[in-house]
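This report refers to the structure that appears directly beneath it.
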Amino acid sequence: MKGLGSTPNPVRKDAPREIRLDVVAGLTAAAVVLPKAMAFAAVAGLPVAVGLYTAFVPALIYGLLGSSRVLSVSSTTTLAILTAAELGSVVPDGDPAKLVTATATLTALVGILLLAARLLKLGFVASFISLPVLTGFKAGIGAVILLDQAPKLLGLHVAKQSFLADVVSLVQHLPATSLPTLAVAGTTLTVLVGMERLKPHAPAPLVTVAAALIASWLLDLGAAGVSTVGTIPQGLPSFSLPDPALAQALLPGAMGIALMSFTESIAAARAFVRPGDPPLDANRELVATGLANLGGALLGGMPAGGGTSQTGVVRAAGGRTQVASLVTAGAALATMLFLAPILSLLPQATLAAIVIVYSASLIQPEEFRAIYHVRHMEFRWAIVAALGVLVFGTLQGIVVAIVLSLLGLALQTAHPRVSIIVRKRGADVLRPLSPEHPDDETFEGLLILRPEGRLYFANAQNVADRIRALVADRVPRVVALDLSRVPDIEYSALQMLQEGVRRTDVTVWLVDLNPSVLDMVRRAGLDQELGPDRLLFNTRAAIARYRELHPRSAPD
């Protein structure tokens with residue numbers, strides 16, 4: 001009882017220090033998150049105020065409900081570009097009133113889909129995109145964002161078409177570049193990149209935004225032809241209602257955005273878990289991010305999710321709990337109430353530069369190189385995933401990424417290994433036949449085969465063909481199928497095994513069956529067909545059994 005009574009004291013002593021650290025971390029994160037949130041709203045084709053709303057409501061709700069101690073939830077690069085594509089499809093004319101309704105509908109759908117995924121326990125769906133394919137997908141997104149923001153750096157207006165058409169159009173418009181806008185963009189990029197390299201965890205976006213505001217006011221950049229943000233509504237966000245009539249048109253895109261929101265959130269949360277932190281709960285994350293998006297939808301926000309870079313800032317600044325997120329949300333609220341008029345002077349080129357600097361990290365050449373060195377096939381999947389985004393579009397790119405991941409999984413499992421098991425000469429060690437060990441012992445008349453992996457409809461025929469080829473080559477009396485490496489056998493594969501046993505002239509033994517496989521064999525009645533003498537405990541028992549039946553056989 002003494003131990004139990006003494007444990008709360010250190011917690012109480014550390015609580016004020018933890019709160020101080022969280023407050024500092026929250027304010028530091030706000031210095032990074034708020035400028036980026038405004039920039040991402042611009043990427044989505046929305047007023048920058050929407051970025052502030054997204055940094056306020058979702059952060060507040062997630063901070064109260066999330067299972068991660070430090071995950072920072074707001075808009076992200078990927079979600080912004082996906083939102084832009086979806087809103088552009090339903091509001092092509094960019095009408096402000098229609099955009100408000102469409103954004104509320106899209107964000108609400110994302111929240112509802114995340115909550116539905118929790119009810120159906122679909123948290124595992126986030127794993128449907130493999131890491132190489134996700135690498136390619138994000139690289140494609142990064143390229144789209146860089147091209148999308150380039151005209152703003154140059155003071156150009158380029159009509160959006162396809163990726164390649166936009167590249168050509170941008171090149172054609174280069175002679176019309178605004179030199180004052182280019183100067184603002186170049187200065188912003190220099191400051192951002194310099195600070196990121198010299199002081200990686202400094203609030204570089206805040207510094208650049210503050211400097212750009214001062215320059216815009218002193219030099220009257222708007223009069224010099226530099227486009228600025230313009231009027232930002234001061235005060236709390238107004239209540240927004242979704243339009244059910246838009247739900248059907250927005251639903252496919254909302255599904256993709258919900259998937260990416262959850263995928264990014266889980267990835268960011270896992271990346272910053274420390275020893276002693278409570279385990280992440282995927283289902284709780286679905287609820288927290290779902291309600292965060294629903295709340296954001298009703299109060300003017302755009303789709304939100306956890307961001308890796310902003311969560312890294314929280315950790316680097318000493319954040320330990322979700323108090324940091326609540327502080328960030330409070331800073332967003334203070335900005336809406338008091339700083340909105342000042343932000344109207346902010347140059348669009350500054351926002352574009354912030355987007356470019358923090359979106360360029362989506363393109364990771366070193367990851368492509370690492371994938372290439374490990375597995376060429378998956379490197380090709382990464383390239384195709386990137387091209388899928390550029391050729392078909394961002395939302396369609398998600399479908400390409402998922403299809404590629406599932407195709408890759410199918411290809412990896414379609415040709416499971418089937419090994420001939422032999423014994424190391426002079427030792428009781430069983431291992432697959434290998435050219436590296438040519439003196440390993442085989443057994444005259446006994447062929448031990450070990451398939452590896454789950455057997456199901458897509459690979460059953462390949463496994464059967466491989467076994468038939470080995471049997472035809474070795475011509476054994478007995479084939480012992482070592483199923484110790486088969487965790488499960490699907491109905492189609494079991495039927496093929498059963499038919500093979502019936503049709504072959506060779507005696508078949510089943511060896512070392514896992515409980516689930518043994519249960520399937522019994523349900524199919526294959527154990528009755530074989531009899532107890534042909535179901536053996538392990539491979540050594542099979543060898544001993546064969547020697548009893550054929551005492552003259554000796555190892556080769």
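Everything numeric in this text was worked out from a predicted model, so none of it was measured.
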Interatomic spacing from CE in Met302 to CD in Glu86 - rounded to 0.5 Å: 12.5 Å
Do Asp428 and Arg540 come close enough that some side-chain heavy atom pair is under 4.5 Å? yes
Would you call Arg522 and Asp519 a salt bridge, using N to O less than 4.0 angstrom? no
Does atom CZ of Arg431 have more than 12 heavy-atom neighbours from other groups under 6.0 Å away? yes
With side-chain hydrogen bond (donor to acceptor under 3.5 Å, both in side chains) as the criterion, how do Asn459 and Thr413 come out once you've worked through the C-alpha distance, each side chain's angles and the decisive distance to 0.1 Å? CA-CA 7 Å; Asn459 63 18; Thr413 59; 5.2 Å; no
Value rounded to 0.5 Å, distance of CZ in Arg474 from CG in Leu447: 7.0 Å
For the pair Thr105 (side chain) and Asp243 (backbone), establish whether a donor and an acceptor sit closer than 3.5 Å, ignoring hydrogens and angles. yes
Kindly indicate whether the side chain of Leu64, heavy atoms from C-beta on, has any atom under 4.5 Å from the side chain of Gln322. no
I want to check something: taking the side chain as every heavy atom from C-beta on, are Leu430 and Ile543 in contact at a cut-off of under 4.5 Å? yes
Presence of salt bridge, Asp512 and Arg450, under 4.0 angstrom: no
Is the backbone N or O of Ser74 less than 3.5 Å from a side-chain atom of Thr54, with the two atoms forming a donor-acceptor pair by type? no
How many angstroms lie between CG in Leu497 and CG in Leu526, if you round to the nearest 0.5 Å? 5.5 Å
Ignoring hydrogens and geometry, is there a side-chain-to-backbone donor-acceptor pair from Tyr456 to Asp488 under 3.5 Å? no
Answer yes or no: is there a donor N or O on one side and an acceptor on the other, between the side chain of Ser75 and the main chain of Phe40, under 3.5 Å? no
